[in-house]
Amino acid sequence: MPSDNKAAERFSAVMLNRAFLQNPVLVQALGLCPIAGGAVSLKAGLVLSAALTAGMMLNLLAAHFLLKRLPRWLRMPAYVLVALAAVCPAGYILETRAESLLSQVGIYLALLAVSSLISVRSEKTFVSCPLKRSFYVAAAESTGYSAVVIAVAFVRELAGSGTLWGRTVTSVYFAPGLLLPFGGFLALGFLAALHRGTVARHFVLRGALKDITFDLSAAAEPVIPPPAPVQPPLPTAEPEAPPEAVPETAAEPAPAREELPEGEPGGYGEPEQEAAAPDEPPECPDGPGGSGRGFKVKAWEPPGGDETETAALPAAETDNAALSEESDADGSAAAPEHAGREATDAAPEPGEGGETP
Amino acid sequence: MPEPEKKAALAPDAAAARRYYTDGLIMLSGPVFMAVALYRIEAAVLIAVAVASAVACEALGALLLKGGQTTVRDLSAVFTGAAIALMLPAGASPLLAAAGSVFAVCAAKLPFGGAMHAPFVPAAAGLAFLCVSWPQKVFSYGGVSVAAMLQVKSSIRLNPLNFFDLVLGNYPGPMGTGCIAVLLACSAYFLIRRRKALWAPLGFLAACAAMAALFPRVYAGRLTSVAMELSSGAMVFAAVFLLPDPASAPSGRASGFVYGIFAGVVCMLLRRFGAAEEGVFFAVLIANAFSAFPLPDIAGRFGLRGRFAGLAGKGIRKGGAGHAV
């Protein structure tokens, strides 16, 4: 069915964008503490990822159906309480069935309840976005987090204990120091560098990754304002195929420049989105425009661009000015980065914007 | 038309590093000679394996990260490997030395852009990693070391200690750090080539001596306490070879002296209250973390800016202008 295909494409686009390109740990640096401190074995990593996923889903339901009616100052502690509803049973189960595993994860299991990932995502996305969209985001970010946790746990257990899933692999070649938190941060750092290199090589994120270097002494190259692709004026415009040869992930019309969301914090320097009013839920950053960050995912192209991008350059300058007026003062530097991005997470159907709980 | 490739000359940073580490290797030749003379083939193998591991990691890292532009020519990897080997016991496994070198280069040096940009001394980081991972192997010397005696607050052993034993390194300990006479002679090289680099070691040793005299761990007299503390472990070795690292130490005289004092106080506190018998590696790392502390700004708030006018912050990352290399 065409609608099923569209839904699958949207989900896959969100999954790629949220779980990999904007990985919550490696790019947005959210939820680092439990990974650095608690992910010392594969079993511990699975426990942490399961607990976080459960907390995320519970917060999704609670935020969407209940918490959006609360004032903001009350919502934030409510997220913690809801996440505790997932973490406490996990701790109880471990205490009764696997006490050694509980001693491995220690306090970091309980710390998941106050994880920045859950709180940030709940406030930025779950209270304001449609349920389906929020579920996609929650599933994608949980997957991304879990992948990092398991990768770090795998490396640390193998290199720090010489075991895998509790079974001895090597009794000689392992370094117990890697089980300490500094080993976790080391593993995260190298993983983040690997991720960044992979993204830079295989994906074009226009103007966002110009400063990748391992040499901190080198001055970061200036972010080159990317040429903006041609955008239809209004969301009500008829759908049109994107000009470049890109994977068919966006069938819905791309939004007008003014409606492109400003994106979410972390990652590649995008500005923080402020709520319209202190107690009002913020506007959905993944609104009708699509992904929120507006990344366009396609195969790597050699430098030089194409005529379409070059021809669109003058329009990008005007659009950049419009964007910079809307963005925060801190985010003004990020405005040019948005100019070249198109929604890659397919925009929801026009009817989805009015979805109500 | 593309420009013809020129033979890669050393960048200014790399040239400065090469000068510094060449001097360091000249100074290290004394402890290396003593270690090989005392421990023969074991010491030679340990040093060779550590140096080879460090150089291999540096070459591989440069190939992967800098597109083939090698940084091995600045000799920092050779210095790091040799320093790590000399701070290990002679009976240590070569794999231990290799692990320390690999960690020092891959975790403490390459990710930060090389020797002149690393905020932490790679050799100290490597030794700290070994201390944390395999403390029994790092501190097993085939006898009771002076540091172990201090840890149990004993100044008496089977053969009585005398000052000549302490100065000449005639007791169990790391294979390259025991002979204080050789280390002090090597440090005289600083007087010729890098006088500014002496201030940090002087501050460090002065602080350690003061702490040993004021808060002795043994009851054989303050002078004995000072002599034992300064000659135990890798204290003098770290003061001479690790602390004046140009990428992490402050550049001014007063700031270098204060930096050394801070490192010395931390070292003595770690020795007294830490789990390991030797805390100088961790003290160096902690001092590296604080070496960019804005002393002039803080001094200005208390109206002391004039007195600290000579202080300069750490100069790293932009050319590593720590010392006049």
Side-chain angles (χ1 to χ4, degrees), chain A residues 26-27 29 32 35-37 40-41 152 155-163 169-202 209-222 302-304, chain B residues 11-14 16-17 61-67 69 71 93 95-96 98-100 102-104 106-120 125-138 247 275-276 281-282 285-286 289 314-322:
Chain A
L26 302 179
V27 176
L32 292 178
I35 301 177
V40 295
S41 67
V152 170
V155 169
R156 288 175 80 188
E157 184 178 9
L158 189 60
S161 317
T163 61
V169 172
T170 168
S171 58
V172 177
Y173 303 107
F174 61 91
L178 292 178
L179 297 178
L180 296 175
F182 91 90
F185 281 113
L186 273 179
L188 280 172
F190 281 106
L191 211 55
L194 183 66
H195 170 271
R196 209 173 187 195
T198 305
V199 169
R201 180 179 285 271
H202 296 292
L209 294 175
K210 292 292 184 180
D211 62 343
I212 288 183
T213 174
F214 284 102
D215 185 1
L216 297 179
S217 66
E221 294 178 32
Chain B
D13 285 354
L63 189 69
L64 291 174
L65 303 179
K66 294 183 187 250
Q69 182 187 353
T71 55
S93 164
L95 288 177
L96 195 71
V102 168
F103 184 88
C106 295
K109 192 172 155 197
L110 285 177
F112 299 100
M116 295 306 275
H117 309 288
F120 300 99
L127 257 298
F129 172 70
L130 294 179
C131 289
V132 166
S133 297
W134 301 282
Q136 297 85 5
K137 295 181 184 177
V138 172
F281 319 119
F282 304 102
L285 295 177
I286 293 172
K314 171 171 69 167
I316 64 167
R317 297 192 181 98
K318 292 290 183 184

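Order of the sequence lines fixes the chain letters, A, B, ..., with proteins taken first and strands second; residue numbering starts at 1 for each chain.
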Closest heavy-atom pair and its distance - A:Phe190, B:Pro111: CZ-CG, 4.2 Å
Measuring heavy-atom distances to chain B, does A:Leu179 have an atom under 4.5 Å in its side chain, in its backbone, in both, or in neither? neither
Sort by residue number and list every member of residues 126-134 of chain B having a non-hydrogen atom under 4.5 Å from chain A. B:Phe129, B:Val132, B:Ser133, B:Trp134
